[in-house]
K.L.:
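Encoded as structure tokens, here's the structure I'll be asking about.
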Amino acid sequence: MTMKTTNSAKVLHPWSADALLAKALRYAQEMQPLSREDWRFGLTSAFVLEFLARSALAETSPVLLADSKDWNNIYFALGKQPTAQKFIPKSADASSVLARLREIIPAFTTELEGFAAQHINRRNEELHAGSIPFEGLPTTWLAPFYRTCQVLLTSMSRDLEYLFGADEAKLAETLIAAWRDESAKAVQKAIAAHKTIWDAREASEQKGLVQKATAWSTRHRGHRVTCPACATEALVIGTAASAPIKRLKDDLIVEVQDHLPTKFECVACGLKIAGLSQLTACGLGAMYKSTSTYDAADYYAPEDQYEEFEDDNNEY
């Protein structure tokens, strides 16, 4: 849908599917350089989600975006110019948009509607309150976020790569598959079995194992988490999910990189879990970031091409 301006140039209607999708794409591009644990990544993703939802609804008709309390909004959505004095077009609120999508798009389930409402509400909280809902938010929201985006994009004959690029789309599909894997929920039985054995141990034995686990997790590389069976400090390890983000702090190079969990181990109760699907099913599938610090001089210094040789101290 287009609107005419005074110079007869044609521009996209602000409620058109294309205009709203372009806005979603703009914010999706703003997300890319940020760490997934950065509060700005979460906030920007909420903008992406709402613009994408409105675009999907406008794909059927921009009229569905109009606040029906004033017929002038419907008239505006049709591409007309209302003559009402001091008229400012008002679109439907986010909850109404999501409810309409649930009726129109079969794959947009009540589960996805509920997630979208919750995520957009975080944005409202960020903008209108003193709280900081995206600060420290576990990245378990990523899988349902990408799945919601996938469903909305599919309804418009597009895919995740269109909005997020090839690399992020590949990661998103991995997260979605793990999130939707019902068979992975069997891991809860293994957790329950280890918990039963742990609870049967003497308190003195538990104490010794807790100390051992704490020391072990401190010495080994990985992301420290709480074991779902015995509540002891344990480790999740994973693979890099993106290129490292570098920044200069004083005379140091700080390198931050997002990781996707692949394995979990607790040396206290012996619980081991492998695979993103099972880790997601028990709440350990959140992405995490690793931080490394280097001396700037050493970081940029050229490598010794002959490091295998020792210094030649012979005198002539």
Side-chain angles (χ1 to χ4, degrees), residues 35-37 42 107 109-112 114-115 118-119 136-151 160 168-242 257-291:
S35 167
R36 293 168 184 84
E37 290 189 341
T109 62
T110 53
E111 182 181 18
L112 296 183
F115 164 76
Q118 179 187 44
H119 202 57
L137 182 67
T139 55
T140 46
W141 62 268
L142 278 171
F145 167 76
Y146 285 127
R147 175 55 182 164
T148 305
C149 290
Q150 185 181 55
V151 167
L160 288 169
E168 191 69 13
K170 184 178 179 180
L171 172 65
E173 288 167 358
T174 299
L175 292 171
I176 292 169
W179 183 62
R180 301 182 71 192
D181 187 355
E182 291 295 321
S183 63
K185 295 179 180 177
V187 71
Q188 297 294 345
K189 295 180 179 179
I191 293 173
H194 280 78
K195 185 178 188 309
T196 298
I197 296 172
W198 176 261
D199 290 343
R201 296 181 185 276
E202 295 290 337
S204 57
E205 185 181 6
Q206 288 183 350
K207 183 178 179 180
L209 288 169
V210 167
Q211 292 174 343
K212 177 183 176 182
T214 301
W216 176 83
S217 62
T218 302
R219 290 196 307 268
H220 290 71
R221 287 183 63 85
H223 177 57
R224 283 189 283 277
V225 296
T226 300
C227 175
C230 67
T232 302
E233 195 172 88
L235 284 182
V236 161
I237 61 173
T239 57
S242 62
Q257 188 171 31
D258 289 325
H259 283 69
L260 198 61
T262 56
K263 292 188 292 184
F264 163 88
E265 182 175 1
C266 174
V267 299
C269 67
L271 177 65
K272 294 182 180 180
I273 303 171
L276 180 60
S277 296
Q278 294 195 38
L279 291 169
T280 299
C282 64
L284 295 172
M287 294 181 68
Y288 66 92
K289 63 181 178 182
S290 66
T291 303

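Side chains are part of it too, since the values below use all heavy atoms of this structure and drop only hydrogens, waters and symmetry mates.
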K.L.:
Heavy atoms only: give me the nearest Ile273-Cys282 pair and the separation to one decimal.
P.N.:
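So the minimum-distance heavy-atom pair works out to CD1-SG, 3.7 Å.
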K.L.:
With no hydrogens and no angle check, is any side-chain donor or acceptor of Arg224 less than 3.5 Å from a backbone partner on Ser217?
P.N.:
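Checking the backbone N and O of Ser217 against the side chain of Arg224, a donor-acceptor pair under 3.5 Å is found.
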K.L.:
Testing the basics here: between Met287 and Ala241, what is the closest heavy-atom pair and its distance to 0.1 Å?
P.N.:
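Scanning both residues completely, I find the closest heavy atoms to be CE-CB, 3.5 Å.
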K.L.:
Would you say Thr140's side chain and Thr280's backbone share a donor-acceptor pair under 3.5 angstrom?
P.N.:
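Judged by distance alone, no pair lies under 3.5 Å.
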K.L.:
Determine yes or no for a side-chain-to-main-chain donor-acceptor pair under 3.5 angstrom, with Asp258 supplying the side chain and Arg36 the backbone.
P.N.:
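A pair under 3.5 Å: yes.
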K.L.:
Is there a donor-acceptor pair under 3.5 Å between the side chain of Tyr146 and the backbone N or O of Leu160?
P.N.:
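Not at all, since once roles are kept as given, no pair shorter than 3.5 Å links the two residues.
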K.L.:
Can a salt bridge be assigned to the pair Glu173 and Lys170 using a cut-off of 4.0 Å between side-chain N and carboxylate O?
P.N.:
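So Glu173 does not pair with Lys170 through a salt bridge.
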K.L.:
Taking the inter-plane angle between the rings of Phe145 and Trp141 on a 0 to 90° scale, is it parallel (under 30°), tilted (30 to 60°) or perpendicular (over 60°)?
P.N.:
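Perpendicular.
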K.L.:
Taking it one step at a time, do Leu284 and Val225 satisfy side-chain contact (heavy atoms from CB on, under 4.5 Å)?
P.N.:
CA-CA 8 Å; Leu284 295 172; Val225 296; 4.1 Å; yes
K.L.:
Please test Gln211 against Thr214 for side-chain contact (heavy atoms from CB on, under 4.5 Å), starting from the C-alpha separation and ending with a verdict.
P.N.:
CA-CA 5 Å; Gln211 292 174 343; Thr214 301; 5.8 Å; no
K.L.:
Distance-only, no hydrogens or angles: does the Gln257 side chain make a donor-acceptor pair with backbone N or O of Ser242 under 3.5 Å?
P.N.:
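Such a contact is found between Gln257 side chain and Ser242 backbone.
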K.L.:
Can I get a per-line list of side-chain donor-acceptor pairs under 3.5 Å for residues 196-206, giving both atom names and the distance, sequence neighbours left out?
P.N.:
{"from": "Thr196", "atom 1": "OG1", "to": "Ala192", "atom 2": "O", "distance (Å)": "3.0"}
{"from": "Asp199", "atom 1": "OD2", "to": "Lys195", "atom 2": "NZ", "distance (Å)": "2.9"}
{"from": "Arg201", "atom 1": "NH1", "to": "Glu205", "atom 2": "OE2", "distance (Å)": "2.6"}
{"from": "Gln206", "atom 1": "NE2", "to": "Trp198", "atom 2": "O", "distance (Å)": "2.7"}

